[in-house]
Amino acid sequence: MNKNCRICGEKLTKIFDFGKQPLGNGFLDEQNFKDEYFFDMEVGYSQKSFMFQLINQPDPKKMFHENYAFFSSTSNHMKNHFKNFYQELIDSEYKIEKNNSFVVEIGCNDGILIKNFSDSGFKHLGIEPSLNVANVAKKNNINILNSFFNKNISEKIIKNFQKVDLFLAANVMCHIPTIVEVVSEIKKSLSEKGIVVFEEPYLGDVIEKNSYDQIYDEHVFLFSGHSIKYLFNIFDLELIDMKHQSTHGGSMRYYLANKNQYKIKESVNLFLNNEKKLNIDNLSGFDAFNNNIKKSKNDLITILNELKAEGKKVVGYAATSKSTSILNYCDIDKNLIEYICDTTPIKIDKFSPGMHIPIVSYQHFLDNPPDYAFLFAWNHQNEIFEKEHEYRKLGGKWITHVPEVKIF
Ligand code: DWN
Ligand code: SAH
């Protein structure tokens, strides 16, 4: 139970209650239905630290373990994205150099980002608690510590290696409830001129696009420039740049460094001012969000019931973590969505968390094309549309809920 802000300790103001939710990546077999785990998923906001967060979160060991269901490299577009991320850092003014810089990635998963550094001969280390995905990275010759990032780990890094010149993370920092400890450890192990660069789903996009499915057990926080500035400032680390990314439905890349080492870029003020306009620096920014989520649920259930009454075949495309929030919050089961296809072997032949919709292979989708496919991986729309010309040509239609429920 955590009713107080994990950053500043002030009481959280409740923003929304999603009711009982299972683990976002808790794909399961039929024999485990009876003891499936659920938690009360409510989100709150701290007016002092500006941090948007889950009020309660399951124990990280329940979510990140030897059978973690998400493998980063399932998306080719994300592989390219991370290659470009690497190149941008190499070309930057921060002097990230193969012969001098030590690079540490927190939550490197199967190595999708840090591989670019290891392949180029950088001294590097990936820290990854989920053993199965960490093993994929190891096979790719990446140096891995199979652990959550915490105090012991940073002590080990300082003792066995050297101070860190580049701390990296992508879609990880927002997963860590003990983020204050993590930032404190980052500060201790960062070299004087070192930088911390990470990108995460952006609260501004979630509010603007009503992409409430970014809220699930793993995402204990949704960050903004305001909350990141507040958090890192506790440890005298300065927000020096922000760059918006289109990945994962709208993300923000944050750059931080020891105070007074680098010039603060104009982008920081621009984004902070924009956040003020969106009112996500105060509670009023969430008034509309609340109603928009409820409307989205009503609209979605109405459309799915209409399609069912018309005898249409409706399925889900990609068994994302995000889909767990939509399906459970909207109470959608296999009567409305017959199956969900996915390319990840560990998910296939299992059932979706909570609503128990069968997960099938991508081949099954090709062999049993539906009339309508709910695009659960809406964040990978371009990549998916590139390969689904045929489905479209045969008259197949898509359903999305972002930014509003529609068929297209
Ligand atoms: O933050 C997180 C992000 C980075 O990844 C984690 N907490 C968990 C995970 O979230 P997600 O499951 O919502 O991620 P994606 O990338 O939206 O979805 C990936 C799923 O989609 C995989 O199961 C693979 C599947 N997929 C597919 O079946 N066909 C993906 C693509 C691109 C495809 O063409
Ligand atoms: N960086 C990858 C993976 C994101 S999924 C990408 O962008 O695709 C989130 C990852 O964070 C998982 O692999 C999970 O095991 C890892 N993780 C969760 N808590 C962590 C912690 N405390 N320290 C390090 N990694 C963590």
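Computed over heavy atoms, backbone and side chain alike; hydrogens, waters and symmetry mates excluded. The shown structure was predicted, so the numbers you read here are calculated from the model rather than taken from an experiment. When a ligand or atom number is given, it counts from 1 through the structure's own listing order.
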Report the member of [options] with the shortest heavy-atom distance to [atom].
atom                    : options                : answer
atom 1 (O) of ligand 1  : Glu218, Met78, His219  : His219
atom 18 (O) of ligand 1 : Thr320, Ile340, Asp217 : Thr320
atom 20 (C) of ligand 1 : Thr324, Asp342, Thr74  : Asp342
atom 26 (N) of ligand 1 : Asn379, Thr343, Ile346 : Thr343

Salt-bridge test for [X] and [Y]: reply yes if a basic N is under 4.0 Å from a carboxylate O, no otherwise.
X      : Y      : answer
Glu338 : Lys313 : yes
Lys259 : Glu238 : no
Glu93  : Lys265 : yes
Lys151 : Glu155 : yes
Asp165 : Lys193 : no

Quick one: look at [X] and ligand 1, take heavy-atom pairs under 4.0 Å, and tell me if it's side chain, backbone, both or neither.
X      : answer
Lys387 : side chain
His248 : side chain
Tyr68  : side chain
Lys322 : both
Tyr216 : side chain
Thr344 : side chain

To check your reading of the model: name the closest protein heavy atom to [atom], its residue, and the distance in Å.
atom                    : result
atom 19 (C) of ligand 1 : Phe70 CE1, 3.9 Å
atom 2 (C) of ligand 2  : Ser72 OG, 3.3 Å
atom 10 (O) of ligand 1 : Ser321 OG, 3.1 Å
atom 16 (O) of ligand 1 : His380 NE2, 2.7 Å
atom 21 (O) of ligand 1 : Ala318 CB, 3.5 Å
atom 10 (C) of ligand 2 : Val172 CG2, 3.9 Å

Query raised in the report: For the ring pair (Phe, Tyr, Trp, His ring centres under 6.0 Å) test, which of Phe82, Phe102, Tyr86, Phe85 pairs with Phe117?
Result: Tyr86
**Report entry** Centroid-centroid under 6.0 Å between Trp398 and Phe374 rings
**Finding:** no
Distance-only, no hydrogens or angles: does the [X] side chain make a donor-acceptor pair with backbone N or O of [Y] under 3.5 Å?
X      : Y      : result
Lys347 : Ala319 : yes
Ser184 : Val180 : no
Asn290 : Ile15  : yes
Gln53  : Met51  : yes

What atoms of ligand 2 come within less than 4.0 Å of a heavy atom belonging to [X]?
X      : answer
Ile106 : 23 (N), 24 (C)
Tyr68  : 5 (S), 12 (C), 13 (O)
Phe70  : 5 (S), 8 (O)

Query raised in the report: Side chains of Gln245 and Ser251: donor-acceptor distance under 3.5 Å anywhere?
Result: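 The answer is no; no qualifying pair exists.
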Query raised in the report: Is there a donor-acceptor contact under 3.5 Å linking the side chains of Asn132 and Asn135?
Result: no
Query raised in the report: Against heavy atoms of His175, which atoms of ligand 1 measure under 4.0 Å?
Result: 1 (O), 2 (C), 6 (C), 7 (N)
**Report entry** Subset of ligand 1 atoms that lie under 4.0 Å from at least one heavy atom of Lys347
**Finding:**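 Answer for ligand 1: 22 (C), 23 (O).
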Check this for me - ligand 2, [X], N or O atoms closer than 3.5 angstrom, yes or no?
X      : answer
Ala170 : yes
Asn171 : yes
Phe149 : yes
Ser147 : no

Query raised in the report: How are the rings of Phe385 and Phe408 set to each other: parallel, tilted or perpendicular (split at 30° and 60°)?
Result: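 Ring orientation of Phe385 relative to Phe408: tilted.
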Query raised in the report: With under 30° as parallel and over 60° as perpendicular, where do the rings of Phe149 and Phe167 fit, or are they tilted in between?
Result: perpendicular
Any idea which part of [X] is under 4.0 Å from ligand 2, heavy-atom wise: side chain, backbone, both or neither?
X      : answer
Phe71  : neither
Glu128 : side chain
Phe64  : side chain

Query raised in the report: Which of these passes side chain to side chain donor-acceptor pair (under 3.5 Å) with Glu199: His248, His81, Lys243?
Result: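 When His248, His81, Lys243 are each tested with Glu199, the side chain to side chain donor-acceptor pair (under 3.5 Å) holds only for His81.
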Query raised in the report: Can a non-hydrogen atom of Phe71 be found less than 4.0 Å from any atom of ligand 1?
Result: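 Judged by the 4.0 Å heavy-atom criterion, Phe71 does not count as contacting ligand 1.
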**Report entry** Trace of the side-chain hydrogen bond (donor to acceptor under 3.5 Å, both in side chains) decision for Ser321 with Thr324
**Finding:** CA-CA 6 Å; Ser321 327; Thr324 298; over 6 Å; no
Query raised in the report: Is the shortest distance from a heavy atom of Pro129 to ligand 2 less than 4.0 Å?
Result: yes
